[in-house]
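Written out below as structure tokens is the structure these notes cover.
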Amino acid sequence: MTTKKYERALVWFRRDLRNFDHAALHHALASSRRVYCAFIFDKDILDPLLAWGPQDRRIAFIHASLIELNAELGREGGGLIVRHARAAEAIPHMAAELEVDAVFCNHDYEPAAIARDREVALALERQGRRLFSFKDQVLREKDEVLSLSAKPFSVFTPYKNAWLKSFGAASGEPDSSLLPHYDCTPAAGQLALPAPAPAMPSLQQMGFDECDLQSINIRTGMSGGQALLDDFLTRIGRYRTAREFPAVKGPSYLSVHLRFGTVSVRALARHAMDAMRSGTGADGAAGWLSELVWRDFYFMILHHHPRVAEGEAFKPEYDRIGWEEGEHADEIFAAWCEGRTGYPLVDAAMMQLNRTGFMHNRLRMVTACFLIKDLGIDWRRGEAYFARMLNDFDLSANNGGWQWASSSGCDAQPYFRIFNPITQSEKFDPEGKFIKRYLPQLAKLDGKHIHAPWLAPAMTLEMAGLRLGSDYPRPVVAHDEARKRTLERYEVVKKTTIVQSG
Ligand SMILES: Cc1cc2nc3c(=O)[nH]c(=O)nc-3n(C[C@H](O)[C@H](O)[C@H](O)COP(=O)(O)OP(=O)(O)OC[C@H]3O[C@@H](n4cnc5c(N)ncnc54)[C@H](O)[C@@H]3O)c2cc1C
């Protein structure tokens with residue numbers, strides 16, 4: 001029998017709800033004779049969510065995924081200890097109760113989580129125990145990819161090139177054998193669970209309602225992630241062309257699983273890199289891998305510039321912009337949130353978000369640009385709304401996406417590039433299939449008129465059974481005028497840039 005460094009260890013699961021290819025679980029099993037597993041529904045996170053009401057798809061997703069993880073660990077002789085408490089207190093308390101030598105977890109890069117982990121590490125240290133944390137939820141982190149002058153990148157393409165090079169891409173395609181695989185097979189009797197087995201708190205006990213995730217096509221847990229991945233791998237080769245069209249099954253829809261770690265990001269990257277090497281679906285796989293690199297990029301930006309999590313623009317001069325405020329701004333912001341702007345693609349996208357917690361990437365760009373550059377509303381309000389509604393909400397990617405749209409971000413679109421919501425609609429939902437899915441009142445409009453119903457002849461509207469103003473709103477803003485106002489609003493940035501560079 002191999003000797004282990006520790007007698008007992010505790011694995012603290014957070015956003016890594018799986019029992020395979022899991023860095024912390026692997027290291028705990030490798031170094032400890034007995035391994036306990038725990039998850040804390042952290043009151044510091046849950047209590048503020050309850051202020052929005054008892055419906056939260058994400059808490060339901062986590063809860064269902066924990067049931068599966070508990071069952072999987074149970075099959076191996078262990079199980080999950082789940083509590084509803086302040087994690088910063090509960091983990092040191094549990095570590096003392098179980099008399100473990102060390103707690104193992106995976107890195108979290110958000111400032112609040114870093115502060116919490118520091119608190120836990122200190123409390124454990126006072127008890128004579130250790131907290132070990134590992135890279136797991138990203139492929140490259142922190143300072144692992146730097147420029148030639150050893151500085152963090154702030155532009156994506158050179159970052160991506162250096163990232164690919166770090167996986168051996170300089171001499172061909174990236175090499176998946178450079179990605180570690182963490183074996184998590186326990187020895188007989190190695191996984192432990194206190195007796196009697198602790199009950200998992202129900203959603204109701206924590207103040208939340210049940211959510212029918214199946215009805216919105218969300219499959220939870222490791223099995224749900226695997227099913228999506230299997231499906232996506234059959235069409236990965238078409239990713240680049242299909243991903244832009246919201247009515248088409250183009251992207252992977254894996255974001256919520258990446259958010260909660262019910263899939264391993266290394267396993268996903270391995271599939272993409274292998275497809276790139278084999279040549280089967282290589283182009284689509286390369287495009288998809290690029291999105292996983294964007295994900296790493298925004299985690300890296302958050303690590304090096306945590307001020308972006310405090311609401312600061314990445315480019316400080318953009319904080320001089322004056323946004324619309326007051327009653328009218330509040331009204332049009334509410335219209336945007338509720339899908340009542342009168343621009344069908346924007347409204348259908350917001351309906352998708354409100355009903356399912358998902359929004360297609362192209363539509364995230366369109367709705368964000370619309371809020372900022374057509375309605376003149378501060379991007380932080382949109383960022384906060386997405387944070388509340390998205391199942392896959394991730395501070396780094398969400399902030400990155402919003403700062404991209406507002407042009408204030410590290411590698412953002414220039415401020416004078418303003419999406420036209422009508423041409424975006426014509427280009428990416430030409431027949432209005434996506435629009436009709438979420439706005440059935442527009443179902444009878446043809447592909448020519450569905451993108452801007454207010455421009456349709458009265459007869460067309462009548463034949464489509466549509467009364468503008470009652471069945472569907474008139475546009476809250478005229479795009480061409482809004483565009484001019486936005487260019488004026490952003491003048492302050494231009495002036496600042498000229499003053500700074502002069
Ligand atoms: C305004 C705005 C807000 C966004 N907020 C979030 C967010 O809170 N959480 C989130 O995961 N993504 C966010 N994104 C990025 C992107 O829209 C989603 O990751 C994607 O739509 C998820 O769908 P998918 O899993 O089918 O993606 P796929 O196209 O299959 O991509 C695979 C994975 O790559 C990652 N990814 C893809 N695009 C991006 C991107 N632009 N930036 C960072 N990672 C990316 C995601 O983890 C995604 O699951 C945002 C984008 C914008 C423009």
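Given the structure is predicted, the values throughout are model-derived calculations rather than measurements. Atoms within a ligand are numbered from 1 in the order they appear, just like the ligands themselves. Keep in mind that the numbers below use all heavy atoms, side chains included, and drop hydrogens, waters and symmetry copies. Along the sequence shown, the residues carry numbers beginning at 1.
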Note: heavy atom closest to atom 53 (C) of ligand 1, options Met389, Arg364, Lys249, belongs to Arg364
Among Ile372, Asp392, Leu395, the residue with a heavy atom nearest to atom 11 (O) of ligand 1 is Asp392
Tell me the protein heavy atom at minimum distance from [atom], and give that distance in Å.
atom: atom 12 (N) of ligand 1; answer: Ala397 CB, 3.6 Å
atom: atom 19 (O) of ligand 1; answer: Ser255 CB, 4.4 Å
atom: atom 45 (C) of ligand 1; answer: Glu291 O, 3.7 Å
atom: atom 29 (O) of ligand 1; answer: Tyr239 OH, 2.5 Å
atom: atom 26 (O) of ligand 1; answer: Tyr253 N, 2.6 Å
atom: atom 3 (C) of ligand 1; answer: Asn398 OD1, 3.3 Å
atom: atom 16 (C) of ligand 1; answer: Asn361 OD1, 3.3 Å
atom: atom 30 (O) of ligand 1; answer: Ser252 OG, 2.6 Å

Look at the rings of [X] and [Y] and say which category their plane angle falls in: under 30° parallel, 30 to 60° tilted, over 60° perpendicular.
X: Tyr109; Y: His107; result: perpendicular
X: Trp288; Y: Phe232; result: tilted
X: His26; Y: Tyr182; result: tilted
X: His27; Y: Phe134; result: parallel
X: Phe156; Y: Phe297; result: perpendicular

Answer with yes or no whether [X] contacts ligand 1, where contact means a heavy atom under 4.0 Å from a ligand atom.
X: Phe297; value: no
X: Met365; value: yes
X: Phe358; value: yes
X: Trp288; value: yes

Residue pairs meeting salt bridge (charged side-chain N to carboxylate O under 4.0 Å, His left out), one or both in residues 296-311, sequence neighbours left out, come to Arg307-Glu312
Give the atom numbers and elements of ligand 1 that come within less than 4.0 Å of a heavy atom of [X].
X: Leu390; answer: 5 (N), 7 (C), 8 (O)
X: Phe393; answer: 8 (O)
X: Arg295; answer: 43 (C), 44 (N), 47 (O)

Inset, instruction - Verify, without hydrogens or angle tests, whether Arg18 (side chain) and Gly261 (backbone) share a donor-acceptor contact under 3.5 angstrom. - result: yes
Select one of side chain, backbone, both or neither to describe which atoms of [X] lie under 4.0 Å from any atom of ligand 1, heavy atoms only.
X: Leu258; result: side chain
X: Tyr298; result: side chain
X: Asp394; result: both

Please confirm whether Arg140 makes a cation-pi placement over Phe167, using NZ or CZ under 6.0 Å from the six-membered ring centre and within 45° of the ring normal.
-> yes
### Query
Taking the side chain as C-beta and beyond, is there a heavy-atom pair between Val265 and Arg295 under 4.5 Å?
yes
- Task: Answer yes when Arg380 and Glu383 have at least one side-chain N-carboxylate O distance shorter than 4.0 Å, and no when they do not.
- Result: no
Residue set satisfying side-chain hydrogen bond (donor to acceptor under 3.5 Å, both in side chains) with Tyr385, at least two apart, ordered chain then number -> Asn354
Rounding to 0.5 Å, atoms CG (Leu289) and CD (Glu173) come to a distance of 10.0 Å
Legend entry - Polar atom proximity, His360 to ligand 1 (N or O, under 3.5 Å): no
Step through the shown structure and confirm whether more than 12 heavy atoms of other residues, nucleotides or ligands are within 6.0 Å of CG on Asp212. yes
